[in-house]
Amino acid sequence: MRLSRAFLPTLKEIPAEAAIASHKLMLRAGMIRQTSAGIYAWLPLGLRVLKKVEQIVREEQDAAGAQEILMPTIQSADLWRQSGRYDDYGKEMLRIRDRHDRDMLFGPTNEEMVTDIFKTYAKSYRDLPRNLYHIQWKFRDEVRPRFGVMRGREFLMKDGYSFDLDVEGGTRSYRAMMLAYMRTFQRMGLRAVPMRADTGPIGGNLSHEFIILAPTGESTVFYDAAFEEMALSNADYSYEKPEDLEKFFNQITSLYAATDEMHDEAAWAQVPADRQREGKGIEVGHIFFFGEKYSKSMGLTVAGPDGQPVNPQMGSYGIGVSRLLGAIIEASHDEAGIIWPDAVAPFRCAILNLKPGDLATDALCEKLYASLQGDAVYDDRPERAGVKFNDADLAGYPWQAIIGPRGAANEKIELKRRATGERAEVSLEEALHRIL
Ligand code: ATP
Ligand code: MG
Ligand code: MG
Ligand code: MG
């Protein structure tokens, strides 16, 4: 992307309601634009990051054996009447009436719909286990939308649903998602802590929230300080081996970690006092095992191995895809701006041309730009160097390739790593080698 032609509206004046770093930085860097309270348009830079986060989520779901579908945003109220949640859900649900006076709603989650779809096709125990997910916009009419994409009213969620024959299978599916979630967050450069959590309006009895520890988080959490150092090695486990999943689950849940709703003073007292931590965290994911709750209420049965009808055991698994952008920035920024982890950066590199119009400088910039194959922004604007440095720091590209007439005469590039500020004068080949 050439900045001279890009739609990248950086802001100098930040609206007063932007109270936390991630919200301010997303507005300043021109990633999002609020169109109504808690509803955002995604501008080119923000959309690129959103897609990268979404793709990591998708790859890890696929690796865990889940299958992607896409369900609509608008749902019929009748589905929710079947489960009994139409009245229970309350004011967070946006209710709509169509021209034929039918009650519709903008989906806040999809347990009812996915169960209804699945029951049409699943007839016997051989149709189990299955795990279906989608990545779709949700609407929740939050009382206090705030902190930008962290608590929007319209937001992007990955929600997945597992169907198993028995509790053992359901537990295995739950553990597989626990592993997939830890891998997902780790790939984004995040340290997420799985915490025992309340099941809330989804129901059920086994549930974990994935929390990014951050002072600006809205959840109060209690955890063992060992989590801060725990090496989250999760590479050696296989989804195909139930014993691996059990081992991983036991390891990761062995340390104390709970949200305030689930905080248990007796168990807390067992944690050595110097390791007890109370703090704030951002909920980026939440998994539930709720057994037959929806298969029963929505009438999903399959024929078991003995021919008798069985209600499948279900779980549901959510990730706040758009909220993750805020969480990543909260975890990774400085006074100058965002510091994107490589895996989710909108572009890997910013090429800063310090003297547009100088033949050698332009030529070297173009050469590097072409070699980076679209994974770079090229700052070819007729602006002062200081403006370019500030904008690149603000947008947080992991690498900056700074090119001016002096270096260009010898085909030299000054390469800066955004995270550490380290600089080195390198050849084009060396620059490509480091960036890619
Ligand atoms: P919260 O406690 O923050 O209101 P929740 O517990 O109501 O979230 P879930 O029903 O567990 O949310 O939904 C799954 C995930 O969707 C959450 O873990 C969170 O990451 C994300 N999410 C929920 N509400 C919002 C929102 N208003 N804006 C952005 N992401 C959200
Ligand atoms: Mg909520
Ligand atoms: Mg919650
Ligand atoms: Mg939750």
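Whatever order the structure lists ligands and atoms in, that order sets their numbers, starting from 1.
Cation-pi geometry between R417 and W399 is satisfied (NZ or CZ under 6.0 Å from the ring centre, within 45° of the ring normal). Under a cutoff of 6.0 Å and an axis angle of 45°, R95 and Y86 form a cation-pi pair. Judged by the 6.0 Å and 45° rule, R48 forms a cation-pi pair with F347. For the pair R130 and F163, the NZ or CZ position fails the cation-pi test of under 6.0 Å to the six-membered ring centre and within 45 degrees of the ring normal. A cation-pi geometry, defined here as NZ or CZ lying under 6.0 Å from the six-membered ring centre and within 45° of its normal, does not hold between R33 and F7.
The heavy atom nearest to atom 3 (O) of ligand 1, out of those in R151, R153, E218, E92, is found in R151. Nearest-residue assignment for atom 22 (N) of ligand 1 (options F147, F155, F210; heavy-atom criterion): F155. Here atom 12 (O) of ligand 1 lies nearest to R140 when heavy atoms of H286, R140, K138 are compared.
Counting atoms of ligand 1 from 1 in the listed order, those under 4.0 Å from a heavy atom of G152 are 26 (C), 27 (N), 28 (N). With ligand atoms numbered from 1 in the order given, ligand 1 contributes 24 (N), 26 (C), 27 (N) to contacts under 4.0 Å with heavy atoms of E142. In the vicinity of M157, heavy-atom distances shorter than 4.0 Å reach the ligand 1 atoms 13 (O), 14 (C), 16 (O). Remark: ligand 1 atoms within the under-4.0 Å shell around heavy atoms of G285 are 18 (O).
Residue contacts with ligand 1 for E283 involve both N, CA, C or O and side-chain atoms from C-beta outward (heavy atoms, distance under 4.0 Å).
Within the 4.0 Å heavy-atom cutoff, V149 counts among the residues contacting ligand 1. Residue contact check for ligand 1: M150 places a non-hydrogen atom closer than 4.0 Å to it. Residue contact check for ligand 1: V284 places a non-hydrogen atom closer than 4.0 Å to it.
The closest side-chain donor-acceptor pair between K158 and Y181 falls under 3.5 angstrom. The closest side-chain donor-acceptor pair between H134 and Y161, if any, does not fall under 3.5 angstrom.
At least one donor-acceptor pair under 3.5 Å links the side chain of K388 to the backbone N or O of D379. In this structure, R58 contributes its side chain and E68 its backbone to no donor-acceptor pair below 3.5 Å.
Taking distance alone, with nitrogen or oxygen atoms compared against 3.5 Å, S322 stays at or beyond that limit from ligand 1. For a threshold of 3.5 Å applied to N or O pairs, the pair formed by R323 and ligand 1 contains at least one separation below that value.
The tally of protein N/O/S atoms under 2.8 Å from the Mg ion (ligand 4) stands at 2.
For the pair E283 and R323, the minimum side-chain heavy-atom distance is below 4.5 Å. Y378 places none of its side-chain heavy atoms less than 4.5 Å from the side chain of L368.
Taking a cutoff of 4.0 Å between a charged side-chain nitrogen and a carboxylate oxygen, R196 and D264 do not qualify as a salt bridge.
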